[in-house]
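Written below as structure tokens is the structure these notes are about.
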2 protein chains.
Amino acid sequence: MSAHIFVVEDEKPILTLLTYNLQKEGYKVSSSLNGEEALSRIKEKKPDLVLLDWMLPDLSGIKICQYLKQDEKVKNIPIIMLTAKGEEEDKVKGLNTGAEDYMTKPFSFPELLARIKSLLKRVKPNIVSEEATYLDLKIDRESMKVFRKEKEITLGPKEYKLLDFLIKQPKRVYSREQLLEHVWGDDINVESRTVDVHITRLRQSINIEGAKPLIRTVRSAGYSLEN
Amino acid sequence: MSAHIFVVEDEKPILTLLTYNLQKEGYKVSSSLNGEEALSRIKEKKPDLVLLDWMLPDLSGIKICQYLKQDEKVKNIPIIMLTAKGEEEDKVKGLNTGAEDYMTKPFSFPELLARIKSLLKRVKPNIVSEEATYLDLKIDRESMKVFRKEKEITLGPKEYKLLDFLIKQPKRVYSREQLLEHVWGDDINVESRTVDVHITRLRQSINIEGAKPLIRTVRSAGYSLEN
DNA sequence: TAAATATTTAACAAATCTGTAACATTACTC
DNA sequence: GAGTAATGTTACAGATTTGTTAAATATTTA
């Protein structure tokens, strides 16, 4: 099953280039030359990934990005911003709006491809299944219950969110900043040490007699779900 | 520390012009008049950027580009293609082969310069793969784990960073200053001898019974990851 | 609104890491 | 082979990071 990529780009040659190459790679490609149209068609088609040009005739790419990231139904679709500007500032803005990655034009197609693959791979576990397990830890997202060794465990809201996030990619190390961004979300006016406290509590909560700790600390890096 | 640019161009007048102007800008310039030679010398010299003529007597520029982009060791060096043709099609091909940029002759030197600067500035956000290996040493950047002969090894933060950096280009020798710059980063208010100490620690950490040392000292030059 | 729950911050102890200096060892030069 | 420069190694004081607790705020629930 090939992934579906939506390209928003107003410069035809570039759009042609992208479409041609992406299709050659086996992706299903849809595209739009302007922002307004793109917005509605993305919501309708729900592609697996969006390539979004920064500069568009009507709505700017950044606006589209913001709108998409506000919409519950499509907010999980990863976005790669394509920008002609190379300034650091812009890159930051691009990421702030919620884009998962950005590339500066002119870019090499192989590199773009690499990033696309990487994002699609990463997103896969985002197709959140109702149940996620890691070793003897189980989380049922429908009932929002958590089990350790068949025994139900009670978690506070943040603890639950934190675990819910960590379990999507066990063993992957997340920095405190990443956790704040993904688990806390919008109001990141929170000390990064706060994460530590919640990790401690989560640890205490999922800890059971005769079971492994399950949360690993990677000094000066962050945490991961792992025994 | 000025950047090193490699020019591949068979028309002598143009080559002379480019060399002269680039040197005047403070760049270190190497060059080659034909493709075969260029290929081997680029791999040997590892310049920071390559200016590559499209039309060459033997190997075409596009071939060179493809070869370079296939080679792990030099694939990250940005390439600017110089082409006399201006057709869209060529541009597409140029990008397909992995060139980061292209310019159509005749071009203005200031513009070329601007693009060179832009590319050089774009701090090679090397497409770091999740896993890197050198011989029996493996580093998994996702879980931030290091293995030697399948056995997990625990490294301190600096040791990890150091190895992470060294393994990007095995066998390449880095001076203590380069290591400080890339591994320590901003606060380079550190004695260069400090590097020695961390190298020692890293050596001890990755050392395993009956395995090769893996870190080479190059007297009065620096260190490299190599057996 | 009061009570119950959650969250954040601050504070301090414990664990671990880091840089430096001192001394040991190894290469290199003549 | 002596002398010199470069590198290896070690120990330790100081710095950083993390775990944990408790108290202060904020939020939700009844």
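With a 4.5 Å cut-off on side-chain heavy atoms, A/H4 and A/S30 count as touching.
For A/V197, counting side-chain heavy atoms from C-beta on, the closest listed nucleotide (C/dC17, D/dT10, D/dT21) is D/dT21. Checking C/dG19, C/dT9, C/dA6 against every side-chain atom of B/W184, the shortest atom distance belongs to C/dG19. Nearest nucleotide to the side chain of B/T194, out of C/dA10, C/dG19, D/dT21: C/dG19.
The nearest whole Å value for the distance from the CZ atom in A/R193 to the C1' atom in D/dT18 is 6 Å. Atom pair A/L179:CG and C/dT7:C1' shows a separation of 16 Å (rounding to whole Å applied). Atom P of nucleotide D/dG8 and atom CD1 of B/I215 are separated by 10 Å, given to the nearest angstrom. In this structure, CD1 of B/I199 is placed 11 Å from P of D/dT9, rounded to the nearest angstrom. Residue B/E159 contributes atom CD, which lies 16 Å from atom P of D/dT17 at whole-angstrom precision. Between the CG atom of A/D196 and the C1' atom of C/dA15 there is a distance of 14 Å, rounded to whole Å. In this structure, B/K161 atom NZ and C/dG19 atom P are separated by 10 Å, rounded to whole Å. What separates CZ of A/R216 from C1' of D/dT17 is a distance of 16 Å, to the nearest Å.
Among the heavy atoms of the strands lying under 4.0 Å from B/T217 are primed sugar atoms or P, OP1, OP2 only; no base atom is included. The residue A/H198 sits close to a base: some heavy atom pair falls under 4.0 Å. Across all strands shown, B/S220 has heavy atoms under 4.0 Å from sugar-phosphate atoms exclusively, and none from any base. Residue B/Y223 is in sugar-phosphate contact alone, with no base atom involved, counting any heavy-atom pair closer than 4.0 Å across all strands shown. Heavy atoms of A/V218 sit under 4.0 angstrom from primed sugar atoms or phosphate atoms, though from no base atom. Using a 4.0 Å heavy-atom cutoff across all strands shown, B/R203 reaches sugar-phosphate atoms only and no base atom.
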_Stepwise salt bridge (charged side-chain N to carboxylate O under 4.0 Å, His left out) test for A/D196 and A/R176_ = CA-CA 8 Å; A/D196 299 30; A/R176 290 172 177 70; 2.7 Å; yes
*May I have the step-by-step check of salt bridge (charged side-chain N to carboxylate O under 4.0 Å, His left out) for A/R216 and A/E226, ending in yes or no?*
CA-CA 6 Å; A/R216 176 170 74 120; A/E226 181 164 14; 3.3 Å; yes
*Would you sort out whether A/K69 and A/E100 count as a salt bridge (charged side-chain N to carboxylate O under 4.0 Å, His left out), showing the intermediate values?*
CA-CA 11 Å; A/K69 287 303 177 190; A/E100 274 70 15; 3.1 Å; yes
_Would B/R201 and B/E159 count as a salt bridge (charged side-chain N to carboxylate O under 4.0 Å, His left out) here? Give the steps._
CA-CA 7 Å; B/R201 287 180 186 145; B/E159 288 162 49; 5.6 Å; no
*Could you walk me through whether B/T133 and B/I139 pass the side-chain contact (heavy atoms from CB on, under 4.5 Å) test, one step at a time?*
CA-CA 6 Å; B/T133 60; B/I139 172 172; over 6 Å; no
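A donor-acceptor contact under 3.5 Å is not formed by the side chain of B/R201 with the base of D/dG8. A/R219 contributes a side-chain N or O that forms a donor-acceptor pair with the base of D/dT17 under 3.5 Å.
Taking 4.0 angstrom as the limit, A/Q204 places none of its side-chain polar atoms (N or O) nearer than this to OP1 or OP2 of D/dG19.
In this structure, CG in A/L22 is found 9.0 Å from CG in A/L49, a value given to the nearest 0.5 Å.
Ion pair A/D140/A/K145 not flagged as a salt bridge, since none of the NZ, NE, NH1 or NH2 atoms sits closer than 4.0 Å to an Asp/Glu carboxylate oxygen.
End-to-end axis angle for the helix from C/dT1-D/dA30 to C/dC30-D/dG1, using five pairs per end and rounding to 10°, comes out at 40°.
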